[in-house]
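Notes follow the structure.
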2 protein chains.
Amino acid sequence: MPIFYVTCWYSSKNMSDQSPDASGPDGSGYLPGLALDAVIFGFHENQLRILLLEYRNTGLFALPGGFIRENEDLNAAARRMLAERTGLSDIYLEQFYVFGDQARHDPAPMRSIMIANGLAPTEYHWLLRRFVSVGYYALVDFTKAVPRPDALSDSCDWYDLDRLPQLMQDHQTIVQKALETLRINLDRKLVEWASSLLPDTFTMAELQSLYETILNEKLHRSGFQRKMLSLGVLERIDKKYTGGAHKAPYVYRFVAV
Amino acid sequence: MPIFYVTCWYSSKNMSDQSPDASGPDGSGYLPGLALDAVIFGFHENQLRILLLEYRNTGLFALPGGFIRENEDLNAAARRMLAERTGLSDIYLEQFYVFGDQARHDPAPMRSIMIANGLAPTEYHWLLRRFVSVGYYALVDFTKAVPRPDALSDSCDWYDLDRLPQLMQDHQTIVQKALETLRINLDRKLVEWASSLLPDTFTMAELQSLYETILNEKLHRSGFQRKMLSLGVLERIDKKYTGGAHKAPYVYRFVAV
DNA sequence: TTCTATTGTAACAATTTGTTACAATAATAA
DNA sequence: TTATTATTGTAACAAATTGTTACAATAGAA
């Protein structure tokens, strides 16, 4: 019972128009039907934001996403996509959920985007087909990122979590689920996250404001300080003279594990 | 710039030999390159086991897996696969990780399995290609399941977690990650899991043994009872006369949320 | 020098968890 | 009937953790 399975990519234009990695604008070279969407959390001075793309002439906003090359690990694809969008490479990145309902398949917005970009996609264009998408969340200091739009979008920028524009498809759901994951994992993953979210050294007040911003609630200063110190992962470095008319706080660093 | 993307399934035999759902043994009707693997945890009387398939004449063991139909939700596919393997439908099931490294692509074992089953797969047979696999864990009372082998395997049975046979590919890693997830989530998900892991009513000792088995550590009886009662989700039902020469324990039920 | 805002930490209370102890049984055997 | 036994439910207390308040120690500005 010899059976053959072949995935074919047809392009009416030039099959040879491909980037060096052998993945091209016709979708060839990518794993078919599988995508990534990333909720990139940016933190800086009490502010928690996420990175969104705005598509040209459409008023449509979306999470940065991407595809997986045939000769690429899934997580590596997420890391590559992230670097393309932010210019950052050593940041925390983790899967949190796979969005695989049929209901999320809605070719209309993507068709609008393509048309707004001067393309005339056929009904069966690969970008208009059903995708199962792996959700990733990433953590960065947003002052370190250099957001770059992708080929179809004219802006890539940070948006306050509580003032998000209307998002495409199920991207609002994806953001919500990412935020839940962030909150659930905060205590357990703090040390892993620290280098992505905080400068090398930081004051206790900065660490507390990170907690408060992520959890969206006020914490008691004294108890917080005691709890953090009791974790045994903080090393006190120096005093920090901020210029304020008050005692100078210490700066801390997470000790290597 | 009209571009076409078409996925083609070639079968040297009969393209019409398909199940009613339009997914066939040639892989057509399924989302290409995407699979599921399930770690089905079975609990009963202090024992935690998982369900494994043994492939005919190969000595190879594997997690039950499956594919996603083109007109099926991802989670629905997992639920269907689970029902096919266990006969159970109302059980707890959740994604925990996507395994998407290229390194996991190793066609050798699957080729052996197919050959052992009298098939002569070509090099490009769909089952021998790279798959990204969504890992699910499920929770059942293993006395309620009726394990059924799939087409290529001659047994489907429960194995003690600490006495697993050698598993195919990266399935050992998948089991490990599922177990970690189970432990991390136990407290937070207890109520959701209860109906899959415990009988409708249960004694405190049974609940404690569930905890101890999952966490693989002894807990203090008194503190455990107090903690569980303080959750405010247990309803005391009745006494249970077990026949033992001692005080009869109460049986509890989780109250509806 | 005084004043102000913020920090680090002590002090104590409240709560939660760890541990031990013991009375309350269901059977069983004397 | 009456011990005996194994387990259960919970009280009692200790230990640890967390919540809250208080206060001394500044770094700068007035």
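Chain letters run A, B, ... following the sequence lines, proteins first and then strands; every chain starts at 1. Computed over heavy atoms, backbone and side chain alike; hydrogens, waters and symmetry mates excluded.
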Is a donor-acceptor pair below 3.5 Å formed from side chain B:S222 to base C:dT20, judging by atom type as modelled? yes
Is there a side-chain polar atom (N or O) of [X] under 4.0 Å from OP1 or OP2 of [N]?
X      : N      : result
B:H220 : C:dT19 : yes
A:K239 : C:dG8  : no
A:R236 : C:dT9  : yes
B:Q225 : D:dT10 : yes

Side chain of B:P249 only, please: which of D:dG9, D:dT10, C:dA27 is the nearest? D:dG9
Residue B:A245, side-chain atoms from C-beta onward, closest of C:dT9, C:dT28, C:dC22: C:dT28
Comparing B:R226 with A:R226, nearest DNA chain C nucleotide closer to 5' gives the residue A:R226
Of B:T242 and B:S230, whose closest DNA chain C nucleotide lies nearer the 5' terminus? B:S230
Assess, by modelled atom type and distance only, whether the side chains of [X] and [Y] contain a donor and an acceptor separated by less than 3.5 Å.
X      : Y      : value
A:D187 : A:Y211 : yes
B:T143 : B:D141 : yes
A:E212 : A:N46  : no

Value in whole Å for how far the [atom2] atom of [N] lies from [atom1] of [X]:
X      : N      : atom1 : atom2 : value
A:Y211 : D:dT18 : OH    : P     : 11 Å
B:L229 : C:dT16 : CG    : C1'   : 15 Å
A:R221 : C:dT6  : CZ    : C1'   : 7 Å
B:F224 : D:dT10 : CZ    : C1'   : 16 Å
A:H246 : C:dT4  : NE2   : C1'   : 10 Å
A:M228 : D:dT18 : CE    : P     : 10 Å
B:Y250 : C:dA26 : OH    : C1'   : 13 Å
B:L231 : C:dT16 : CG    : P     : 12 Å

Is B:R236 close enough and on-axis enough to B:Y252, meaning under 6.0 Å and within 45°, for cation-pi? no
I'd like to know whether B:Y97 forms a ring-ring contact (aromatic ring centres under 6.0 Å, His included) with B:F99, so could you lay out the CA-CA distance, the side-chain angles of the two residues, the decisive distance to 0.1 Å, and finally the verdict. CA-CA 6 Å; B:Y97 198 75; B:F99 299 86; 5.1 Å; yes
Judged by nearest nucleotide, the residue sitting upstream toward the 5' end of DNA chain D, A:K247 or A:K227, is A:K227
